[in-house]
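Along the sequence shown, residues are numbered consecutively beginning with 1.
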Amino acid sequence: MLTNHAITVVVQAALDEDAPWGDLTSAVLIPEDAVATARLEAREPGVFSGGAVFAAAFALTDPRIEVHRFVTDGEPFSTGATLAEVTGPARGILQAERIGLNFVQRMSGIATLTARYVAETAGTQARIVDTRKTTPGLRALERAAVRDGGGHNHRFSLSDTVMAKDNHLAVLAAGPLGLTEALRAGRAKLSHTTHFEVEVDRLDQIEDVLAAGIDTIMLDNFSPEDLLKGVTQVAGRATVEASGGVSLATVREIAASGVDVISVGALTHSVHSLDLGLDIAIRVNTPAGFAL
């Protein structure tokens, strides 16, 4: 889950990077007592994500700023929709706006793209999941955005799950044990609650892996025809994940093979940030006669 602590750590680091000694422009041009109201507007349709992160950018800059959200995370919206309203000291709003926008635009972009993949696989049993191909330091936020788009999360980190991929198997192959026995030896070191997944890139590897009692088998870069053969061969003895070569153009055919999970790196590594804008919407006179 995306905790308040995780949000604060990431957003504060971004604010410190963007204005290490304050916002010089606002300090010299905007009166200290000026107040303003700005609206977060959608310039294209999408699925909203990152509301709490957006609000944190303003609250951490100036606790007097209030953010009212009109949509919830995971909710679709149309072009022109008002997604949130920000009211408070003008200097703080101007200082925090880019950081708030950066986060909510990226997270909403991820949610929107995920929702498209989920829609493409409707009616199949396949889950759309993310990967570890996330922006360093932003994994918790990007994973939350995938969930907002209707997707699911793969392992969060290397510490969560045993996942033997091609390079691991290459090392094991050079050892004294066969693949099955090496995997069984690894399984014996784990608690009963720890998930074990193994990646294969050929059909002839499947039986040796299944014989070790693994939980999930990943069929990596298989053709649609071989995916169907692989699912048939596994025959329910493990969860089947498809990975590699997944796009909006191919995901439906992959899902139709009967796999349980489809992992999509593009959800986070190739996402288009959504076009959202924060514009001063209401002019408010200050005691000094200044207005925004």
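For Lys165 and Asp201, the salt-bridge test fails: no basic side-chain N is under 4.0 Å from an acidic carboxylate O. For Asp279 and Arg43, the salt-bridge test passes: some basic side-chain N is under 4.0 Å from an acidic carboxylate O.
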Exercise for the section: Test side chain to side chain contact (heavy atoms under 4.5 Å, CB included) on Thr114 and Val47 and set out the steps. Expected result: CA-CA 9 Å; Thr114 301; Val47 176; over 6 Å; no

Practice task
Test side chain to side chain donor-acceptor pair (under 3.5 Å) on Thr87 and Glu66 and set out the steps.
Solution key: CA-CA 5 Å; Thr87 304; Glu66 296 182 355; over 6 Å; no

Practice task
Please report the C-alpha distance between Leu40 and Phe48 in whole Å, then the side-chain angles of each, then the deciding distance to 0.1 Å, and finally whether the side chain to side chain contact (heavy atoms under 4.5 Å, CB included) criterion is met.
Solution key: CA-CA 12 Å; Leu40 180 65; Phe48 190 68; 4.2 Å; yes

Exercise for the section: Starting from the C-alpha separation in whole Å, work towards a yes-or-no answer on salt bridge (charged side-chain N to carboxylate O under 4.0 Å, His left out) for Glu181 and Arg184. Expected result: CA-CA 5 Å; Glu181 290 306 314; Arg184 281 177 178 165; 2.8 Å; yes

Exercise for the section: Kindly determine whether Thr239 and Ile217 satisfy side chain to side chain contact (heavy atoms under 4.5 Å, CB included), including the steps that lead there. Expected result: CA-CA 6 Å; Thr239 298; Ile217 187 163; over 6 Å; no

Exercise for the section: For the pair Val162 and His195, evaluate side chain to side chain contact (heavy atoms under 4.5 Å, CB included) and give the outcome as yes or no after the intermediate values. Expected result: CA-CA 6 Å; Val162 174; His195 197 86; over 6 Å; no

Handout entry: Verdict with reasoning, Asn102 to Arg98, per side chain to side chain donor-acceptor pair (under 3.5 Å)
Key = CA-CA 6 Å; Asn102 284 350; Arg98 175 43 53 197; 3.1 Å; yes

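Closest approach of Ser257 and Leu228 over heavy atoms only: O-CD1, 3.6 Å. Minimum interatomic distance between Val67 and Ala84 (heavy atoms only, all atoms of both residues): CG1-CB, 4.5 Å. Counting all heavy atoms, side chain and backbone alike, Leu172 lies closest to Ala182 at CD2-CB, 4.0 Å. Listed here is the closest heavy atom pair of Thr61 and Ala96: OG1-CB, 3.4 Å. Heavy-atom minimum distance, Ala242 versus Ile254: CB-CG2, 3.7 Å. What you find for Pro89 and Asp62 is that their closest heavy atoms are CG-OD2, 3.4 Å.
Within the 4.5 Å cutoff, the side chain of Met218 has heavy atoms near those of the Met163 side chain. Taking the side chain as every heavy atom from C-beta outward, Asp260 and Gln125 approach each other to under 4.5 Å. By the 4.5 Å heavy-atom criterion applied to side chains, Leu248 and Arg116 are counted as neighbours. Put simply, the side chain of Val264 does not reach to within 4.5 Å of the side chain of Asp130, judged on heavy atoms. Val53 has its side chain within reach of Leu2: a pair of non-hydrogen atoms, C-beta onward, lies under 4.5 Å apart. The shortest side-chain heavy-atom distance between Leu169 and Val198 falls under the 4.5 Å cut-off. You'll find the side chain of Phe156 stays beyond 4.5 Å of the side chain of Thr161, heavy atoms only. Within the 4.5 Å cutoff, the side chain of Phe196 has heavy atoms near those of the Leu183 side chain.
Listed for the Thr194 side chain is no donor-acceptor partner under 3.5 Å among the backbone atoms of Leu190. Checked by atom type and distance alone, the side chain of Thr124 never pairs as donor or acceptor with a backbone atom of Arg252 at under 3.5 Å. Judged by distance alone, the side chain of Gln12 and the main-chain N or O of Val9 form no donor-acceptor pair under 3.5 Å. Judged by distance alone, the side chain of Ser108 and the main-chain N or O of Gln105 form no donor-acceptor pair under 3.5 Å. Distance alone, capped at 3.5 Å, places no donor-acceptor pair between the Arg106 side chain and the Phe103 backbone. With Asp160 contributing its side chain and Ser157 its backbone, the two residues share a donor-acceptor pair below 3.5 Å. Side-chain N or O atoms of Arg39 include none that pairs as donor or acceptor with a backbone N or O of Leu83 at under 3.5 Å. Side chain of Arg237 to backbone of Leu210: no donor-acceptor contact under 3.5 angstrom is found.
Within the model, atoms CG of Asn221 and CG of Leu227 stand 9.5 Å from one another, a figure rounded to the nearest 0.5 Å. Atom OG of Ser263 is separated from atom NE2 of His152 by 13.5 Å, given to the nearest 0.5 angstrom. With rounding to the nearest 0.5 angstrom, the OG1 atom of Thr79 is 9.0 Å from the CG atom of Asp275. Residue Asp73 holds its CG atom at 9.5 Å from CD of Glu75, rounded to the nearest 0.5 Å. Here the straight-line distance linking atom NZ of Lys229 with atom CD1 of Ile206 works out to 11.0 Å at 0.5 Å rounding. Taken from CD in Gln95 to CD1 in Ile30, the straight-line distance is 12.0 Å, to the nearest 0.5 Å.
Side-chain atoms of Thr134 and His269 form no donor-acceptor pair, as typed in the model, at a separation below 3.5 Å. Checking Glu142 against Thr135 by side-chain atom types alone, a donor-acceptor pair falls below 3.5 Å. For the residue pair Thr82 / Glu41, a side-chain donor-acceptor distance below 3.5 Å is found, with atom types taken as modelled.
Residues Ile65 and Leu101 share a single hydrophobic cluster, defined by chaining ILVMFWY side chains whose heavy atoms lie under 4.5 Å apart. Under the 4.5 Å side-chain heavy-atom criterion for grouping Ile, Leu, Val, Met, Phe, Trp and Tyr, Leu94 is not connected to Val104 through any hydrophobic cluster. Val261 and Val118 end up in different hydrophobic clusters when Ile, Leu, Val, Met, Phe, Trp and Tyr side chains are linked at under 4.5 Å. Note: the hydrophobic cluster containing Val129 does not contain Ile214 (ILVMFWY, side chain heavy atoms under 4.5 Å, direct or indirect links). Note: the hydrophobic cluster containing Val259 also contains Leu267 (ILVMFWY, side chain heavy atoms under 4.5 Å, direct or indirect links).
Applying the 6.0 Å contact sphere to CD of Glu207 captures more than 12 heavy atoms from other residues, nucleotides or ligands. Around the CG atom of Asp204, the shell of radius 6.0 Å holds more than 12 heavy atoms that belong to other residues, nucleotides or ligands.
When each of Arg127, Arg132, Glu241, Arg143 is tested with His154 by the rule side chain to side chain donor-acceptor pair (under 3.5 Å), just one qualifies, namely Glu241.
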